[in-house]
Amino acid sequence: TFIGPSPEAIDLMGSKTAARQAAMDAGVPVVPGTKDPLGPDVPDTEVAAIAATVGYPILIKAVAGGGGKGMRTVTQAADLAGSLRAARSEALSSFGDARVYIERRILRPRHIEVQLLGDTHGTVLPFVERECSIQRRHQKVVEESPSTAVSPALRRQMTEAAAAVARRVGYTNAGTIEFLLDETGEFFFLEMNTRLQVEHPITELVTSTDLVHWQIRIARGERLTLDPAALI
């Protein structure tokens, strides 16, 4: 038995555009941007029209990307063509997939992520958030839990949204939903990590829960018996 999510969930949520659609289907807000991938066959003029509709500044992001690879910030239309070529080239060399998509760039956001566990019986349990806004080269440097920027009410909204996305795609085992939180307190789905992340011990220490232990129990077909109130 594979200890982890299903291949179908990994494949679906590994595509940034498919993951965005899953979040929208679950009623969770996403950063304004394109719905469909923009392949190399899409002309620059069409991409320029899309970017103008989304509104500058924008981010060009690799559909199969992560870690900042295949991502470029564009603040004005004159820089779009060059940034698009660079993003597609890096996406192809890094992931074997040159497709990109466009999102509006949220200025000065906080990066908030919600750990969750899902069993094979339909139960999904979210955990208290981790804040990972302090980054270098799009890599997390400091993680903090709970976030000082998240109120109890906002925590409920974000954890419920994370669980809704996971349920929508039939997710099982351990995973993390990532959000961007803007200066007004509005949050947006960013992506899902379909694995147990390096920073998972922070959640373990805060909630006194052994996530690896539960990964194994879930893979055995056991039901989640954790108290949801103790996790948030």
Could you tell me whether a side-chain N or O of Glu204 sits under 3.5 Å from a main-chain N or O of Leu211, the two making a donor and an acceptor?
yes

Minimum heavy-atom separation for Ala219 to Ile3, with atom names?
CB-CG1, 3.9 Å

Would you say that His200 contacts Gln115 through its side chain, given a criterion of any heavy-atom pair below 4.5 Å between the two side chains?
yes

Is any side-chain heavy atom of Phe188 closer than 4.5 Å to a side-chain heavy atom of Ile106?
yes

Step by step, would you call Ile218 with Leu224 a side chain to side chain contact (heavy atoms under 4.5 Å, CB included)?
CA-CA 7 Å; Ile218 290 168; Leu224 280 165; 4.1 Å; yes

In a table with atom names and distances, give each donor-acceptor pair under 3.5 Å that connects a side chain of residues 42-68 to protein atoms at least two apart or in another chain.
residue, atom, partner, partner atom, Å
Thr53, OG1, Ala49, O, 3.0
Lys61, NZ, Glu103, OE1, 3.3

Examine distances only and state if a side-chain atom of Thr172 and a backbone atom of Gly118 form a donor-acceptor pair shorter than 3.5 Å.
no

Please say yes or no: joined through hydrophobic side-chain contacts below 4.5 Å, possibly via intermediate residues, are Ile177 and Leu125 part of one cluster?
no

Salt bridge (Lys or Arg N to Asp or Glu O under 4.0 Å) pairs, two or more places apart, involving residues 216-232:
Arg217-Glu222, Arg220-Glu222

Taking Thr159 for its side chain and Arg156 for its backbone only, find out whether a donor-acceptor pair lies under 3.5 Å.
yes

Minimal non-hydrogen separation, Thr17 against Pro37, with atom names:
OG1-CG, 3.5 Å

Any pair with a residue in residues 115-130 that passes salt bridge (Lys or Arg N to Asp or Glu O under 4.0 Å), sequence neighbours left out, goes on the list, sorted by first then second residue, please.
Glu113-Arg130, Glu129-Arg155, Arg130-Glu143

Check for a donor-acceptor pair, side chain of Arg88 on one end and backbone N or O of Gly39 on the other, with a separation under 3.5 Å.
yes

Mind checking whether Glu90 and Phe95 have side chains closer than 4.5 Å, heavy atoms only?
no

Could you verify whether a donor N or O on one side chain and an acceptor N or O on the other, from Glu131 and His111, lie under 3.5 Å apart?
no

Taken to the nearest 0.5 Å, the spacing of Thr209 OG1 from Phe127 CZ works out to 5.0 Å

Would a 4.5 Å heavy-atom cut-off, applied to side chains only, mark Tyr101 and Asp36 as touching?
no

Do Phe187 and Leu180 come within less than 4.5 Å of each other through their side chains, counting heavy atoms only?
no

Could you pull out the closest heavy-atom pair between Ile232 and Pro126, with the gap in Å?
CG1-O, 3.6 Å

Asp182 side chain near Pro109 side chain, heavy-atom distance below 4.5 Å:
no

NZ of Lys69: more than 12 outside heavy atoms within 6.0 angstrom?
no

Taking every heavy atom of Ala162 against every heavy atom of Phe179, the minimum-distance pair comes out as N-CZ, 3.8 Å

For a side chain to side chain contact (heavy atoms under 4.5 Å, CB included) check, start with the C-alpha distance between Thr207 and Val128, then their side-chain angles and the critical distance, and finish with the verdict.
CA-CA 8 Å; Thr207 63; Val128 63; 4.0 Å; yes

Write down the atom of His121, the atom of Gly221, and the distance for their closest heavy-atom approach.
NE2-O, 2.8 Å

Backbone N or O of Val74 within a donor-acceptor pair of the Asp79 side chain at under 3.5 Å?
no

Ile112 with Val30, same ILVMFWY side-chain cluster at under 4.5 Å:
yes

Tell me whether Met71 shares a hydrophobic cluster with Leu190, the cluster being built from Ile, Leu, Val, Met, Phe, Trp, Tyr side chains joined at under 4.5 Å.
no

Let me confirm one number: the CD-OG distance from Gln76 to Ser83, rounded to the nearest 0.5 Å.
9.5 Å

Interatomic distance, Ser6 atom OG to Leu12 atom CG [nearest 0.5 angstrom]
9.0 Å

Is any side-chain heavy atom of Val124 closer than 4.5 Å to one of Leu117?
no

Give the minimum heavy-atom separation between Ile10 and Pro5, together with the two atoms involved.
CG1-CG, 3.6 Å

Under a single-linkage definition using a 4.5 Å side-chain heavy-atom cutoff for Ile, Leu, Val, Met, Phe, Trp and Tyr, are Met158 and Val165 assigned to the same hydrophobic cluster?
yes

Out of curiosity, Gln197 CD to Ile202 CD1, how far, rounded to the nearest 0.5 Å?
10.0 Å

Are Met192 and Leu116 close enough that some pair of their side-chain heavy atoms sits under 4.5 Å apart?
yes

Side-chain donor/acceptor of Arg20 to backbone N/O of Val31, under 3.5 Å
yes

Atom CD of Glu178 and atom SG of Cys132: how far apart are they, to the nearest 0.5 Å?
5.5 Å

Is a salt bridge present between Glu183 and Arg110, judged by a nitrogen-to-oxygen distance below 4.0 Å?
no

Distance from Leu181 atom CG to Ser147 atom OG, nearest 0.5 Å?
7.0 Å

So, Asp210 side chain and Val212 main chain: donor-acceptor pair closer than 3.5 Å or not?
yes

Same cluster or not: are Val100 and Met13 linked, directly or through other Ile, Leu, Val, Met, Phe, Trp or Tyr residues, by side-chain heavy atoms under 4.5 angstrom apart?
no

